[in-house]
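The structure appears right after this line, and notes come after that.
Computed from heavy atoms alone, side chains included, the values below leave out hydrogens, waters and symmetry copies.
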Amino acid sequence: MARVFSGIKPSGAVTLGNYVGALRSWVAAQDEDDCVFCVVDLHALTVPHDPAQLRALTLELATVLLAVGVDPDRCTLFVQSHVHEHAELAWLMECTASVGELRRMTQFKEKAGDQEFVSGGLFTYPALMAADILLYDTDRVPVGDDQRQHLELTRDLAGRFNTRFGETFVVPEAAILRVGARVMDLQDPTRKMSKSEDSPQGVILLLEDPSSIERKIRRAVTDTETEVRYDPEAKPGVSNLLALLAAATGSDPAELAGRYQGYGALKADCAEAVVELVRPVQMRYAELAADPRAVASLLGHGAGKARATAAETLARARRAVGLLPGSAQSRRA
Ligand code: ATP
Ligand code: LTN
């Protein structure tokens, strides 16, 4: 069985982009692979945040993961900060990465943008992400297209560490979907739909009210032509709606385009398909959210399972770089 690992940040409410681009493939992977899924709360600290809100979002996100079908009986589901090995291996990864390669990360450039305060953590973020992945001897990482560059860096760091210090890590592969890997903002279709962006009309939330979803899709930006054609470069708005409809119905966006004469019918079908897609998730969420203690207990169990693997890998990495074993490490070894 292949080992699959992926993570999602509690940095805002889960979007349709998260679901279509990543979470659905997490659920599918559980049937065939040995999956480890993580709510990466340490990554959410890289930008300014409110502590009470972070706590609430972390629990909400874990509940959403259960609602979409992540099944703790068939995978390992946990919160990153509950397994301290992540922070520790991240340091070794920071010392493996160069400033030059971290500086080239487009997510850093986008998020740092013209912010007044840019944390050191935002800069070294990909080293923590590499640690997340490498701790579990991961073979495959299902992510949206925006994470391609971080995955490449993870592969480079794993390879470099192995070359310098001897075989320690499995070098993972990215698994990026063909359809739905990059859902765009409905108001600015040149930009990724993102949960931490302030774009209420452009972002659809997984737990959003159906009437509000319909309204947002009806008002989505298209263009001044009338032709329905799948051409993300020239027609980003229309292509985004086609991609969403395709992702929701399991079809091909270019093929769908041929069925429409105008934008109105496309928007109506897209809205209906998206509402149908999220309806069962919303129902399940309402049930699970009624018992937050049960969710917390599942997370506690998941952290225990994760730690067992993470501690072994960290011990291997510590030995490889030449850290002297302390009493905690000798107990474990
Ligand atoms: P933020 O806006 O805070 O950066 P995010 O939603 O972009 O958050 P994560 O929560 O870390 O990022 O993403 C979880 C998963 O969802 C990742 O695999 C990411 O690639 C995927 N994802 C995020 N946005 C989209 C999108 N618009 N389309 C497809 N996949 C996406
Ligand atoms: N960087 C990712 C979130 C993330 C992740 C991971 C994804 C953190 N650690 C490990 C896959 C594997 C993001 O911004 N979407």
Inset, instruction - For L16 and V278, run side chain to side chain contact (heavy atoms under 4.5 Å, CB included): C-alpha distance rounded to whole Å, both residues' side-chain angles, the deciding distance at 0.1 Å, then the answer. - result: CA-CA 9 Å; L16 187 63; V278 302; 4.1 Å; yes
Inset, instruction - Decide whether V20 and L207 are clustered together by the hydrophobic rule: side chain heavy atoms of Ile, Leu, Val, Met, Phe, Trp, Tyr closer than 4.5 Å, transitively. - result: yes
Inset, instruction - Any side chain to side chain donor-acceptor pair (under 3.5 Å) involving residues 31-48? Give me the pairs, sequence neighbours left out, ordered by first then second residue. - result: R3-D34, D31-R74, D33-R140, D41-S81, H43-Q80
Legend entry - N-O pairing of R318 and E88 below 4.0 Å: yes
Inset, instruction - To the nearest 0.5 Å, tell me how far I204 CD1 sits from D185 CG. - result: 10.0 Å
Legend entry - 4.5 Å side-chain heavy-atom contact, V68 and R24: no
Legend entry - Residue pair K9 / L57, side-chain heavy-atom distance below 4.5 Å: no
Inset, instruction - Using the test side chain to side chain contact (heavy atoms under 4.5 Å, CB included), find all partners of A234 that sit at least two apart in sequence or belong to another chain. - result: D231
Legend entry - Polar contact flag, side-chain donor to acceptor under 3.5 angstrom, K195-T15: no
Inset, instruction - Answer with yes or no whether the hydrophobic clustering places L157 together with F165; edges join I, L, V, M, F, W, Y residues whose side-chain heavy atoms lie under 4.5 Å apart. - result: yes
Inset, instruction - Enter the distance from L256:CG to L266:CG here, rounded to the nearest 0.5 Å. - result: 8.5 Å
Inset, instruction - Determine, stepwise, if the pair L23 / V27 fulfils side chain to side chain contact (heavy atoms under 4.5 Å, CB included). - result: CA-CA 6 Å; L23 302 184; V27 174; 5.7 Å; no
Inset, instruction - Please check if any side-chain donor atom of Q149 sits under 3.5 Å from a side-chain acceptor atom of T106, or the reverse. - result: yes
Inset, instruction - Determine, step by step, whether R160 and E101 satisfy the salt bridge (Lys or Arg N to Asp or Glu O under 4.0 Å) criterion, reporting the C-alpha distance in whole Å, the side-chain angles of both residues, the deciding distance to 0.1 Å, and the verdict. - result: CA-CA 13 Å; R160 186 176 308 152; E101 55 196 353; 2.5 Å; yes
Legend entry - L244 CG to K267 NZ distance, which is reported to the nearest 0.5 Å: 12.5 Å
Inset, instruction - Determine the interplanar angle of the H86 and F5 rings, folded into 0 to 90°, and report it as parallel if under 30°, tilted if 30 to 60°, perpendicular if over 60°. - result: tilted
Inset, instruction - Report yes or no: does N240 contribute a side-chain atom to a donor-acceptor pair with the main-chain N or O of M184 at less than 3.5 Å? - result: yes
Inset, instruction - Answer yes or no: is there a side-chain heavy-atom contact under 4.5 Å between V321 and F161? - result: yes
Legend entry - E272 atom CD, over 12 foreign heavy atoms within 6.0 Å: no
Inset, instruction - Determine whether V203 and V275 fall in the same hydrophobic cluster, where Ile, Leu, Val, Met, Phe, Trp and Tyr are linked whenever their side-chain heavy atoms lie under 4.5 Å apart. - result: yes
Inset, instruction - Take atom CG of D198 as the centre, draw a 6.0 Å sphere, and report whether it contains more than 12 heavy atoms from other residues, nucleotides or ligands. - result: no
Inset, instruction - Under the side chain to side chain contact (heavy atoms under 4.5 Å, CB included) rule, what do V118 and F123 come out as? Steps first, then yes or no, please. - result: CA-CA 8 Å; V118 177; F123 187 61; 5.9 Å; no
